[in-house]
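Fair warning: this is a prediction, and the values are worked out from it, not measured in the lab.
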Amino acid sequence: MKAAEIRKLSSAELEAKLAELKKDLFMLRMQHATNNLDNPVKISAVRRDIARVKTVLREKQS
C-alpha cells in the first residue's frame, strides 16, 4: 500500500485498516511458526504497512 493511498483515507478508515493489518500480521506469524508460510517477505511488508498507517495517523492528530 502506498503512502499516497493511505493519506486519502479518513481517521476512522485508518483505524480500521490498522486493526486489519495487525490481524493479518498475527496470522502470518502463526503460519510462520507452524511452517505453513509460503512467502516470509509478506511479514515485513505488512509491518511496513502498519508503520505507514501509524505515521499518517500521527500526522493527522497534529
Side-chain angles (χ1 to χ4, degrees):
M1 183 169 236
K2 303 273 185 182
E5 296 172 2
I6 295 172
R7 284 191 172 89
K8 291 179 184 175
L9 300 175
S10 69
S11 293
E13 291 171 331
L14 287 172
E15 292 288 343
K17 186 70 174 171
L18 183 61
E20 176 188 336
L21 287 169
K22 285 184 177 183
K23 187 173 105 178
D24 290 345
L25 181 61
F26 174 77
M27 296 305 285
L28 288 171
R29 284 183 175 159
M30 290 298 291
Q31 288 177 1
H32 186 65
T34 59
N35 293 326
N36 290 334
L37 186 62
D38 56 344
N39 188 3
V41 177
K42 288 181 182 179
I43 293 175
S44 60
V46 171
R47 288 181 67 219
R48 280 190 215 107
D49 284 344
I50 289 172
R52 285 186 190 108
V53 170
K54 283 185 173 183
T55 301
V56 173
L57 274 171
R58 178 68 71 179
E59 288 173 358
K60 290 188 180 229
Q61 285 178 352
S62 299

Identify every side-chain donor-acceptor pair in residues 53-62 under 3.5 Å, counting partners at least two apart or on other chains, and give the distances.
from, atom 1, to, atom 2, distance (Å)
Thr55, OG1, Ala51, O, 2.8
Arg58, NH1, Gln61, OE1, 3.4
Glu59, OE1, Arg7, NE, 3.3
Glu59, OE1, Arg7, NH2, 3.4
Glu59, OE2, Arg7, NH2, 3.2
Lys60, NZ, Leu9, O, 2.7

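How far OG of Ser10 is from CD of Glu15: 9.5 Å, rounded to the nearest 0.5 Å.
Among residue pairs with one or both ends in residues 37-49, those qualifying as side-chain hydrogen bond (donor to acceptor under 3.5 Å, both in side chains) are Asp49-Arg52; sequence neighbours excluded.
Other members of the hydrophobic cluster containing Met27, listed by chain and number, are Phe26, Met30; membership follows side-chain contacts under 4.5 Å among ILVMFWY residues, whether direct or relayed.
For Thr34, the side chain to side chain contact (heavy atoms under 4.5 Å, CB included) partners at least two apart in sequence or on another chain are Asn36.
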